[in-house]
Protein chains: 4
Amino acid sequence: MAEIAEKAGVGAGTIYRYFDNKDVLIIQLYQELERDLVATVQEGFPTGKPVRERFLHIGTKLLRYCISHPLYFRYIEQYHNSPYGASLRKDKIMDKSGDQHLFKQLLKEGIAERVVKDLPIFVHFALAFGPVISLARDHVLGLVTLDEELIFKTVEACWDGIKENT
Amino acid sequence: MAEIAEKAGVGAGTIYRYFDNKDVLIIQLYQELERDLVATVQEGFPTGKPVRERFLHIGTKLLRYCISHPLYFRYIEQYHNSPYGASLRKDKIMDKSGDQHLFKQLLKEGIAERVVKDLPIFVHFALAFGPVISLARDHVLGLVTLDEELIFKTVEACWDGIKENT
Amino acid sequence: MAEIAEKAGVGAGTIYRYFDNKDVLIIQLYQELERDLVATVQEGFPTGKPVRERFLHIGTKLLRYCISHPLYFRYIEQYHNSPYGASLRKDKIMDKSGDQHLFKQLLKEGIAERVVKDLPIFVHFALAFGPVISLARDHVLGLVTLDEELIFKTVEACWDGIKENT
Amino acid sequence: MAEIAEKAGVGAGTIYRYFDNKDVLIIQLYQELERDLVATVQEGFPTGKPVRERFLHIGTKLLRYCISHPLYFRYIEQYHNSPYGASLRKDKIMDKSGDQHLFKQLLKEGIAERVVKDLPIFVHFALAFGPVISLARDHVLGLVTLDEELIFKTVEACWDGIKENT
DNA sequence: CATGAATGAGACTTCATTCAT
DNA sequence: GATGAATGAAGTCTCATTCAT
């Protein structure tokens with residue numbers, strides 16, 4: 001908290017006028033970042049286009065966001081991997097909000113059209129976002145450098161995992 | 001440390017007879033768990049069988065291990081997402097040790113045989129293990145319940161992501 | 001540290017706003033006391049007067065300071081006899097700062113005038129200050145009570161040890 | 001205590017068969033060293049010879065002992081400068097035992113003969129041993145190197161401090 | 001409203017001592 | 001008698017939070 005106050009150029013006590021305590025600050029910051037992330041992913045969403053195209057839009061937008069906002073990405077990740085984020089997950093996938101809803105809708109459609117495997121939503125989430133998160137982390141840690149081509153190929157490969165083999 | 005001592009039913013100072021300090025304890029515990037994990041994955045490895053079969057072996061063994069040892073899994077995950085594990089990642093993938101080596105060898109072979117997409121190793125790792133980790137976490141948090149069938153289908157889907165589309 | 005905080009009537013953590021850690025506290029306190037001691041010894045220094053008179057000034061001022069500030073004296077002594085003060089000694093005698101410089105200059109002059117024995121500086125330090133410190137300690141411990149006359153006679157005797165026998 | 005046990009090649013608990021506790025060990029070790037020191041100083045003591053000669057014997061023996069047994073010397077010094085040694089001092093000078101007695105006898109005689117200044121015993125102790133201790137410390141710390149000549153000159157200078165100026 | 005000095009619970013660690021073997 | 005694993009009080013230090021100014 002002291003460090004945050006200093007970087008913010010305010011007194012240590014001032015933070016507590018805006019956030020009840022450290023936990024609240026952490027949670028609110030997360031929620032703000034999440035809103036930003038969701039908004040970015042929704043930008044230019046190709047409504048009405050084939051399932052595959054919409055999937056690729058979401059995947060590439062997400063991966064690009066993570067690697068171009070490394071601090072935000074690390075924060076979101078750490079949040080998810082902390083006690084704070086434990087309860088979060090279920091709500092997120094089950095709720096009808098923002099990004100998640102978009103993706104769930106997409107899958108539902110895909111399953112109905114038989115272009116997507118008939119698997120539980122959690123499995124689809126894992127197949128679609130697991131690799132993206134993992135790779136974004138590697139990029140942020142400097143273990144690999146992702147260019148536009150690699151981003152596209154990766155998301156395409158995720159699609160291959162999800163899509164129904166005809 | 002106090003909590004560990006209490007759960008172990010020993011005095012606070014006793015821990016320090018076995019571990020120089022907190023960091024050493026954390027690191028050694030991780031290394032022990034990792035050895036256990038690698039050993040499990042290698043059990044019954046179908047050497048000589050097709051790439052796909054070997055891939056499915058590794059994937060399912062890993063996923064089963066994670067959900068049947070939820071505490072170990074959570075610990076390993078947290079370790080990776082902590083300052084301790086920061087440097088670990090690159091070494092792990094680049095080194096020729098244990099599990100990683102097995103998997104790298106598999107990919108190399110798969111790429112040579114043109115049954116696996118020609119992508120960088122980090123991308124393959126992400127495609128193969130990202131979903132497994134993500135799903136294991138969901139299972140451990142109680143968000144989904146994986147049975148043997150779902151485990152198999154998930155790893156199969158990972159294979160679909162990795163394999164070359166003919 | 002707990003005891004210091006309590007005697008200071010502050011919380012345990014408050015000390016660390018003023019001193020980075022225990023070592024810094026100990027060192028800074030010493031430096032402050034030393035400055036005070038040196039300033040006292042320099043008060044009314046009879047520049048230009050004979051070597052003997054200047055020597056007596058330093059010796060008596062020092063001895064008086066030690067017995068009138070027993071806590072300061074004990075602290076300085078303990079500091080010198082601790083790992084902190086180990087390296088201090090050589091620097092002190094060799095450096096050209098404060099009190100030490102005054103004394104070294106005095107000796108040099110005395111040796112040139114042949115009123116002081118031609119011995120290494122460390123020996124002179126020992127002859128001049130060894131007895132003063134030893135006696136101050138005795139006084140502080142209540143083993144002897146020094147009055148103005150005894151102070152003078154003692155320092156005079158130190159001078160007898162240092163001065164050249166003609 | 002652990003370190004002592006290890007260097008002694010015994011178990012940690014074994015020490016407590018020979019010493020009730022740490023304090024007792026420290027005190028007994030000191031007493032042993034002191035006996036050794038006193039015995040050394042008394043070796044070849046020139047009973048019946050002039051006061052000056054006897055004084056020089058004690059002083060040089062003492063100084064030589066300190067610099068040739070640096071560890072013993074440091075231990076004795078630290079002991080004196082610790083809470084243990086606080087009470088010790090008075091007893092030592094006032095008691096009629098060993099070394100101290102020898103020295104007190106010497107002074108008494110010297111004062112009677114008017115070859116030694118008529119000063120309290122504590123002052124004489126300071127004048128005689130203060131410089132020796134101080135210089136021994138410097139030698140042990142490597143700040144100065146004492147040879148036989150310097151040892152003699154130093155003790156002679158101590159004598160000059162003590163002796164009556166005729 | 002903002003400040004930042006003060007707080008004190010709690011974290012990690014050490015070490016003299018004990019006691020079952 | 002000897003051992004050394006276990007102990008736990010006490011030490012240093014951190015940091016989220018408060019409150020007088």
Side-chain angles (χ1 to χ4, degrees), chain A residues 1-30 75 78-79 82-84, chain B residues 1-30 78-79 82-84, chain C residues 1-30 78 82-84, chain D residues 1-30 78-79 82-84:
Chain A
M1 297 299 276
E3 200 176 341
I4 290 170
E6 196 186 8
K7 288 227 172 153
V10 301
T14 306
I15 294 179
Y16 293 88
R17 298 219 144 269
Y18 299 92
F19 304 93
D20 274 1
N21 54 48
K22 194 182 155 198
D23 281 14
V24 168
L25 181 146
I26 286 173
I27 292 167
Q28 282 194 19
L29 173 53
Y30 171 74
Y75 184 81
Q78 281 194 37
Y79 186 87
S82 73
Y84 297 109
Chain B
M1 299 299 278
E3 201 176 341
I4 290 170
E6 197 183 7
K7 289 228 171 153
V10 300
T14 303
I15 294 178
Y16 294 89
R17 289 196 60 75
Y18 299 92
F19 304 93
D20 275 359
N21 54 48
K22 193 185 154 199
D23 281 15
V24 168
L25 167 69
I26 288 172
I27 292 168
Q28 279 194 21
L29 175 52
Y30 171 74
Q78 281 194 37
Y79 186 88
S82 74
Y84 296 108
Chain C
M1 298 300 279
E3 200 176 341
I4 291 171
E6 197 183 5
K7 288 228 171 153
V10 300
T14 303
I15 294 178
Y16 294 89
R17 290 195 60 74
Y18 298 91
F19 304 94
D20 274 0
N21 54 49
K22 194 185 153 197
D23 282 15
V24 168
L25 167 69
I26 287 172
I27 292 167
Q28 280 194 20
L29 174 52
Y30 171 74
Q78 281 194 37
S82 74
Y84 296 108
Chain D
M1 297 299 276
E3 201 176 341
I4 290 170
E6 197 186 7
K7 289 228 171 152
V10 301
T14 305
I15 293 179
Y16 293 87
R17 298 219 144 270
Y18 299 91
F19 304 93
D20 274 1
N21 54 48
K22 195 184 156 198
D23 282 15
V24 168
L25 181 145
I26 286 172
I27 292 167
Q28 283 195 18
L29 174 51
Y30 171 75
Q78 282 193 37
Y79 186 87
S82 73
Y84 297 110

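Letters A, B, ... mirror the listed sequences (proteins, then strands); counts begin at 1. Treat the numbers as computed from the prediction; the structure is a model and nothing was measured.
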Whole angstroms only, please: what is the [atom1]-[atom2] distance between [X] and [N]?
| X | N | atom1 | atom2 | value |
| --- | --- | --- | --- | --- |
| B:Lys22 | F:dC13 | NZ | C1' | 14 Å |
| B:Glu6 | E:dG10 | CD | P | 13 Å |
| A:Arg17 | E:dG4 | CZ | P | 14 Å |
| A:Ile26 | F:dC15 | CD1 | P | 14 Å |
| B:Ile4 | E:dT13 | CD1 | P | 11 Å |
| D:Leu25 | E:dA16 | CG | P | 11 Å |
| C:Asp20 | F:dT12 | CG | C1' | 14 Å |
| D:Glu3 | E:dC15 | CD | P | 9 Å |

[X] has a side chain; which of [options] sits nearest to it?
| X | options | value |
| --- | --- | --- |
| C:Tyr16 | E:dT13, E:dT17, F:dC13 | F:dC13 |
| A:Asn21 | F:dT17, F:dT14, E:dT13 | F:dT17 |
| A:Val10 | F:dC13, E:dT3, E:dC12 | E:dT3 |

Exercise for the section: Select from C:Gly13 and B:Gly13 the residue whose nearest nucleotide in DNA chain E is closer to the 5' end of that strand. Expected result: C:Gly13
Might you point out which heavy atoms bring [X] and [Y] nearest each other, and give the distance in Å?
| X | Y | answer |
| --- | --- | --- |
| B:Ala5 | B:Ala12 | CB-CA, 4.0 Å |
| D:Tyr79 | D:Ile27 | OH-CG1, 3.6 Å |
| D:Ile15 | D:Met1 | CD1-O, 3.5 Å |
| A:Asn21 | A:Tyr16 | CA-CE2, 4.1 Å |

Handout entry: CD (D:Gln28) with more than 12 external heavy atoms under 6.0 Å
Key = yes
Problem - Toward the 5' end of DNA chain F, by each residue's nearest nucleotide, C:Met1 or B:Ile15 - result: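 Whichever sits nearer the 5' end wins; that is B:Ile15.
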Exercise for the section: Take D:Gly9 and B:Thr14, find for each the nucleotide of DNA chain F with the closest heavy atom, and name the residue whose nucleotide sits nearer the 5' end. Expected result: D:Gly9
Problem - Stems involving DNA chain F, each a run of at least 3 consecutive Watson-Crick or G-U pairs under 3.5 Å - result: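 So the stems come out as E:2-21 with F:2-21.
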Handout entry: Heavy-atom check, side chain of A:Val10 versus side chain of A:Ile4, under 4.5 Å
Key =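 A side-chain contact under 4.5 Å is absent here.
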Exercise for the section: Ignoring hydrogens and angles, tell me if any N or O in the side chain of C:Tyr84 forms a donor-acceptor pair with the backbone of C:Tyr30 under 3.5 Å. Expected result: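 Between the backbone of C:Tyr30 and the side chain of C:Tyr84 there is no qualifying donor-acceptor contact (under 3.5 Å).
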Exercise for the section: Report which part of the nucleic acid A:Tyr18 touches: base, sugar-phosphate, or nothing (heavy-atom distance under 4.0 Å, all strands). Expected result: sugar-phosphate
